[in-house]
Amino acid sequence: MRNPSVILAAALLALPLRAQCAPPLADVHVHYKWTQEDVTTPQQAIDTLADHDIALAVVIGVPAELGLGLEQLAPETVVPVWSPYRTTGDWAQWAFDKSVPERARKAMESGRYRGIGELHLIGGFVPDRRSPVISALAQLAAEFSVPLLVHTEF
């Protein structure tokens with residue numbers, strides 16, 4: 001039989017070591033936009049994640065392809081999410097753009113994106129949640145079994 005005092009002493013001695021070796025983190029809401037790319041290269045963005053022990057980063061690129069660029073540099077870390085936003089103006093107009101569901105379908109069919117979003121449902125900017133664009137994106141998320149990231153402010 002093992003000595004419980006020895007086991008307890010070993011566990012207590014390991015506590016400071018465990019405190020110094022914090023587990024890696026997941027950041028499930030990372031943006032990488034064209035405005036950031038102007039001042040932070042994709043490699044610098046990946047290095048920043050690594051410097052902060054981010055082992056998993058769900059990245060919303062604007063445009064969406066920027067997230068794919070980060071994934072190419074760190075496929076074990078970056079989870080790219082397809083976004084309907086391509087420019088600043090899309091933030092308030094995406095829900096009225098009838099091309100969004102078709103673009104989303106192509107993105108999902110590519111197999112490169114693992115989610116759809118971030119969709120801003122902001123009072124005064126977007127139609128009812130039952131609008132054809134919003135409904136189509138929800139249906140695509142279900143069809144491709146991917147999460148739908150929604151940002152609400154009502």
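Cluster membership for Val78 and Val28, using ILVMFWY side-chain heavy atoms within less than 4.5 angstrom, is not shared. Cluster membership check: Leu119 does not share its hydrophobic cluster with Phe96, using side-chain heavy-atom separations under 4.5 Å among Ile, Leu, Val, Met, Phe, Trp and Tyr. Tracing side-chain contacts under 4.5 Å through hydrophobic residues (I, L, V, M, F, W, Y), one reaches Trp91 starting from Val133; they form part of the same cluster.
Rounded to the nearest 0.5 Å, atoms CG (Leu73) and OG1 (Thr41) are 8.5 Å apart. Atom OG of Ser83 is separated from atom OH of Tyr113 by 9.5 Å, given to the nearest 0.5 angstrom.
Ring geometry for Tyr85 against His120 counts as tilted: the plane angle lies between 30° and 60°, on a 0 to 90° scale.
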Take Arg114 and Trp82 through the side-chain contact (heavy atoms from CB on, under 4.5 Å) test and state the conclusion after the steps. CA-CA 8 Å; Arg114 292 184 265 164; Trp82 182 82; over 6 Å; no
Is there a side-chain contact (heavy atoms from CB on, under 4.5 Å) between Leu149 and Ile116 once you walk through the steps? CA-CA 6 Å; Leu149 284 70; Ile116 298 172; over 6 Å; no
Any chance you could lay out the salt bridge (charged side-chain N to carboxylate O under 4.0 Å, His left out) test for Lys33 and Glu37, step after step, and finish with the verdict? CA-CA 6 Å; Lys33 302 177 182 183; Glu37 187 183 38; over 6 Å; no
Only distances under 3.5 Å count here; give the side-chain donor-acceptor pairs of residues 140-147 to other protein atoms, sequence neighbours excluded, each with its distance to 0.1 Å.
| residue | atom | partner | partner atom | Å |
| --- | --- | --- | --- | --- |
| Glu143 | OE1 | Arg105 | NH2 | 2.8 |
| Glu143 | OE2 | Arg105 | NH1 | 3.0 |

Could you pull out all donor-acceptor pairs under 3.5 Å where a side-chain atom in residues 46-70 meets a protein atom, sequence neighbours excluded?
| residue | atom | partner | partner atom | Å |
| --- | --- | --- | --- | --- |
| Asp47 | OD1 | Gln43 | NE2 | 2.8 |
| Thr48 | OG1 | Gln44 | O | 2.9 |
| His52 | ND1 | Thr48 | O | 2.9 |

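For Glu118, there are no salt bridge (Lys or Arg N to Asp or Glu O under 4.0 Å) partners two or more places apart in sequence or in a different chain. Lys98 meets the salt bridge (Lys or Arg N to Asp or Glu O under 4.0 Å) test with no other residue; sequence neighbours excluded. For Glu76, there are no salt bridge (Lys or Arg N to Asp or Glu O under 4.0 Å) partners at least two apart in sequence or on another chain. For Arg86, the salt bridge (Lys or Arg N to Asp or Glu O under 4.0 Å) test picks out Asp90, Asp97, with sequence neighbours left out.
The shortest heavy-atom contact between Leu137 and Trp94 is CD1-CZ3, 3.8 Å. Considering every non-hydrogen atom in both Ala45 and Thr40, the closest pair reads N-CG2, 3.7 Å. The two residues Pro84 and Gly117 make their nearest non-hydrogen contact at CD-O, 4.3 Å.
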